[in-house]
K.L.:
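Handing you this structure, nothing more for now.
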Amino acid sequence: MANTLNILLAGFGGQGILFAGKTIAYSGLLDGKELSWLPSYGPEMRGGTCNCSVVLSDESIGSPLVTTPDVLIAMNRPSLEKFVDKVVPGGTILVDSSMIDIKVERTDVNVYYVDATKIADENNMHSCAIIILVGKMFKELGFCSKEALDGAIQKVIPAKKAAMLELNQKALEIGQNA
Amino acid sequence: MAVVFEKPKALSDVPFHYCPGCTHGIVHRLVAEVLDELGVEGNTVGVASVGCSVFAYNYFNCDMVQAAHGRAPAVATGLKRALPDNVIFTYQGDGDLAAIGMAETVHAATRGENITVIFINNAIYGMTGGQMAPTSLPGQVTQTSPYGRDVKVAGYPIRVCELLSTLSGTALAQRVTVDSVAHVREAKKAIKKGFENQINKRGYSIIEVVSTCPTNWGLSPKEAVQWLRDNMLPYYPLGVYKDVTAEGGEN
Amino acid sequence: MAEKVLMKGNEALAEAAIQCGCKHYFGYPITPQTEVAAYMSKRLPKEGGVFLQAESEIAAVNMVLGATSAGVRAMTSSSSPGISLKSEGVSYIGGSDLPALIINVQRGGPGLGGIQPSQSDYWQATKALGHGDFQLFVLAPSTIQEMVDFVSLAYEVGEKYRVPAMILSDGMLGQMMEPVEFPQKKDEPIADKPWATNGHKNQRKKNIINSLYIQPEELENLIKERYERYAKIKEEEQRAEEFMCDDADIVVVAFGASSRVSRSAVMQARAEGIKAGLIRPITLWPFPDKTIEKHVGHTKDFLCVEMNMGQMVDDVRLVVSGRKPVSFFGRTGGVIPTPAEVLAEIKKLAGKEN
């Protein structure tokens with residue numbers, strides 16, 4: 001179980017939570033790992049809160065529902081408040097600090113604050129804030145190979161939305177330099 | 001020796017269980033004659049419903065499926081979608097078609113499901129012993145309307161052909177009866193047209209046959225025919241309610 | 001070997017059905033199974049098949065009855081409240097000896113219940129999915145790969161014995177994605193169906209698909225014949241997975257989604273020195289009593305873990321017959337138990353033993 005990474009992405013609908021989760025999941029697939037991707041579903045997805053559990057592992061995955069994440073990506077304040085205490089000691093929290101005006105008080109976790117939404121807006125990539133955080137997560141945790149991450153972003157963007165590919169690639173890059 | 005009258009080939013050689021004076025037998029025969037004349041028995045699958053005609057699967061010589069109460073149009077839909085080049089018909093009574101199976105009926109019609117529906121309207125539930133049907137007439141005494149159908153309590157009877165004629169998927173909606181030789185001939189023409197529509201892929205055809213139920217009406221066969229003329233036909237006028245071939249259009 | 005792809009359980013199941021020759025799908029929208037219908041609506045027209053959104057769950061299952069009568073592989077899918085509506089048609093399918101496939105992506109009940117994952121339709125699926133003496137062949141997948149693999153198994157077993165088959169999934173498996181691989185397409189034709197009502201072409205006796213038998217003795221004989229087939233299915237088609245059971249003191253019994261959670265808990269228990277194991281019933285009917293029986297002798301405790309108030313536990317207790325204690329832990333209403341909760345139950349039993 002040491003080689004299992006439980007990731008929880010949380011925010012509200014429209015922030016690309018499920019999309020970012022898929023990107024991480026595909027990177028696991030391309031690395032030949034075991035993985036699972038589980039969205040919250042139902043009425044809550046329509047404009048309300050939204051979260052997504054992703055598990056990457058070297059062995060077959062038990063519960064795909066992440067209740068005690070190793071990594072939390074928080075895209076709004078309610079999500080951070082809801083999950084901050086669930087993160088395992090020694091875990092990682094990535095905070096979109098343009099959306100969240102509070103700080104994490106815990107000292108037993110690694111916290112990274114990135115002005116993701118602001119940076120995305122400045123770069124005309126409005127829906128890509130969370131991908132910036134995925135880039136940051138890659139930089140800090142190296143959860144997959146570089147090839148897998150690059151391949152994943154190509155996999156998750158359908159061919160007919162090719163214009164979005166470049167923006168997302170740029171967002172990943174910005175994140176890796178943040 | 002010239003044969004002037006014989007059993008249609010599409011009709012099995014078993015005795016009907018129907019009561020004396022019941023018109024199911026005539027209608028069965030008309031359907032079988034039409035299958036013979038069109039030469040489609042080997043290519044036909046019939047769907048029997050629940051009610052007096054439940055044993056129709058024993059009476060027709062084509063392949064038969066027995067459906068749950070009201071679900072014959074859905075079963076026929078499944079058959080037709082799997083076998084688009086076969087001839088699929090349902091044979092349903094008024095309780096089956098217009099009460100418990102009304103949703104299936106309306107939706108099969110509106111989809112223009114390319115099937116033929118033979119609808120026996122005798123204004124009563126026969127098999128269960130004479131209860132009020134969706135087509136029982138105002139004031140009609142039945143086992144479950146012992147003081148006569150009170151429209152303030154039980155509402156009004158449904159005129160199925162009129163209702164279905166409003167749907168774009170309906171190719172033919174025609175009401176006939178079998179109380180006289182002339183009417184029997186007319187009924188057969190309508191049934192034949194209903195099957196030809198299917199062969200020509202025109203969509204949903206329903207032939208409503210205003211029928212008798214002497215046993216549950218508490219009348220002799222002869223009285224039942226007169227009761228049908230006096231009471232049923234004024235409420236359920238015979239005629240063509242929709243016919244895409246007459247309109248010159250194809251569905 | 002085919003390439004692994006990432007797919008939602010509902011979509012993977014739908015694709016698997018198409019690949020096993022199911023070209024006729026009839027359904028109705030309901031969360032959390034709607035992706036099956038949506039996927040079918042996108043793919044089937046391009047495969048020369050038929051997707052039809054029915055006017056009701058009742059109509060959908062009867063359309064399946066019709067299409068299956070015609071001899072084709074047909075399917076419908078729904079979630080718990082919709083399955084209740086289908087139960088009439090399922091009973092007719094069982095009574096007519098038809099091998100149709102029905103998918104239940106379970107959510108919380110009773111009534112409208114909730115939309116989150118549940119396993120509270122175990123009783124319905126295995127004991128009484130409709131009126132009358134009859135059974136369905138019921139498979140419980142626990143991975144997206146099994147959502148795929150069990151489709152062909154369900155069709156094959158269903159057609160071999162002429163019984164309806166159900167894949168009893170749940171909202172978690174329906175909604176989640178995992179890597180999945182589609183088996184190479186088999187060239188072997190689908191078994192002949194001499195009973196099909198597809199027009200006798202004046203070349204054979206007419207076929208009748210029917211569930212009505214007015215003479216009690218006739219009906220009884222028919223049901224007895226059907227139960228002989230059921231006995232054969234019980235003998236030959238039981239399936240279960242055993243995980244670390246051979247030396248286990250505590251055997252957890254769980255299927256589907258809750259078996260995944262239980263597996264994590266068993267591994268954690270082992271890491272803490274507790275001899276725990278897991279039996280995962282794959283066929284819920286026939287219930288894998290042979291696998292349970294194998295472990296009654298050496299194990300000290302059975303623990304049933306389910307996402308309901310305790311349904312399969314009845315079947316486990318029937319097999320164990322009082323020889324060993326059988327306890328139960330469950331979450332219901334759409335709550336997925338955590339490995340930690342299951343581990344705590346295992347520890348309670350381990351503590352009791354020491």
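Here is the naming used below: chain letters follow the sequence lines, and residue numbers restart at 1 for every chain. Because the structure is predicted, anything quoted here is derived from the model rather than measured.
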K.L.:
Flag the pair B:Met64 / C:Asn210 as yes when at least one side-chain heavy-atom distance between them is below 4.5 Å, and no otherwise.
P.N.:
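Contact flag for B:Met64/C:Asn210 side chains = no.
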
K.L.:
Measure the CD1-CG distance between C:Ile208 and B:Asn58 for me, rounded to the nearest 0.5 Å.
P.N.:
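That separation rounds to 5.5 Å.
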
K.L.:
Between C:His24 and chain B, which part of the residue has a heavy atom less than 4.5 Å away: side chain, backbone, both or neither?
P.N.:
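The side chain, not the backbone.
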
K.L.:
Output the distance between atom NZ (C:Lys205) and atom CG (B:Asn61), rounded to the nearest 0.5 Å.
P.N.:
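Spacing of NZ (C:Lys205) from CG (B:Asn61) equals 11.0 Å.
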
K.L.:
Give the intermediate values and the outcome of side-chain contact (heavy atoms from CB on, under 4.5 Å) for residues C:Arg204 and B:Asp63.
P.N.:
CA-CA 10 Å; C:Arg204 58 160 168 79; B:Asp63 278 358; 2.6 Å; yes

K.L.:
If every non-hydrogen atom of C:Val72 is compared with every non-hydrogen atom of B:Ala82, which pair is closest and at what distance?
P.N.:
CG2-CB, 3.8 Å

K.L.:
Is the NZ atom of C:Lys42 crowded by more than 12 outside heavy atoms at less than 6.0 Å?
P.N.:
no

K.L.:
Under the side chain to side chain contact (heavy atoms under 4.5 Å, CB included) test against B:Val45, which residue among C:Thr197, C:Asn198, C:Asn207 passes?
P.N.:
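When C:Thr197, C:Asn198, C:Asn207 are each tested with B:Val45, the side chain to side chain contact (heavy atoms under 4.5 Å, CB included) holds only for C:Thr197.
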
K.L.:
Measure the CD-CZ distance between C:Glu55 and B:Arg111 for me, rounded to the nearest 0.5 Å.
P.N.:
5.0 Å

K.L.:
Enter the distance from C:Leu65:CG to B:Leu79:CG here, rounded to the nearest 0.5 Å.
P.N.:
8.0 Å

K.L.:
Only pairs of heavy atoms separated by less than 4.5 Å count here; which of B:His69, B:Arg81, B:Lys80 has the most with chain C?
P.N.:
B:Arg81

K.L.:
For C:Lys206 versus B:Ser12, what's the shortest heavy-atom pair and its separation?
P.N.:
NZ-OG, 4.0 Å

K.L.:
What distance do C:Met63 atom CE and B:Glu104 atom CD have between them, rounded to the nearest 0.5 Å?
P.N.:
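That separation rounds to 8.0 Å.
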
K.L.:
Do you know which of C:Val61, C:Val50, C:Leu52 has the most heavy-atom pairs with chain B at a distance under 4.5 angstrom?
P.N.:
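Looking at each option in turn, the highest pair count goes to C:Leu52.
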
K.L.:
What's the separation between atom OH in B:Tyr57 and atom CD1 in C:Ile209, rounded to the nearest 0.5 Å?
P.N.:
12.5 Å

K.L.:
If you count every heavy atom of other residues, nucleotides or ligands that lies below 6.0 Å from B:Lys9 atom NZ, does the total exceed 12?
P.N.:
no

K.L.:
Top residue by heavy-atom pair count (under 4.5 Å) with chain C, among B:Ala103, B:Ala48, B:Cys62?
P.N.:
B:Cys62

K.L.:
Name the member of C:Ala59, C:Ser56, C:Ala60, C:Ser91 that forms the most heavy-atom pairs with chain B at distances under 4.5 Å.
P.N.:
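The residue among C:Ala59, C:Ser56, C:Ala60, C:Ser91 with the greatest pair count is C:Ala59.
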
K.L.:
Tell me, out of B:Gly78, B:Ala67, B:Ala72, B:Gly101, who's got the most heavy-atom pairs with chain C below 4.5 Å.
P.N.:
B:Gly78

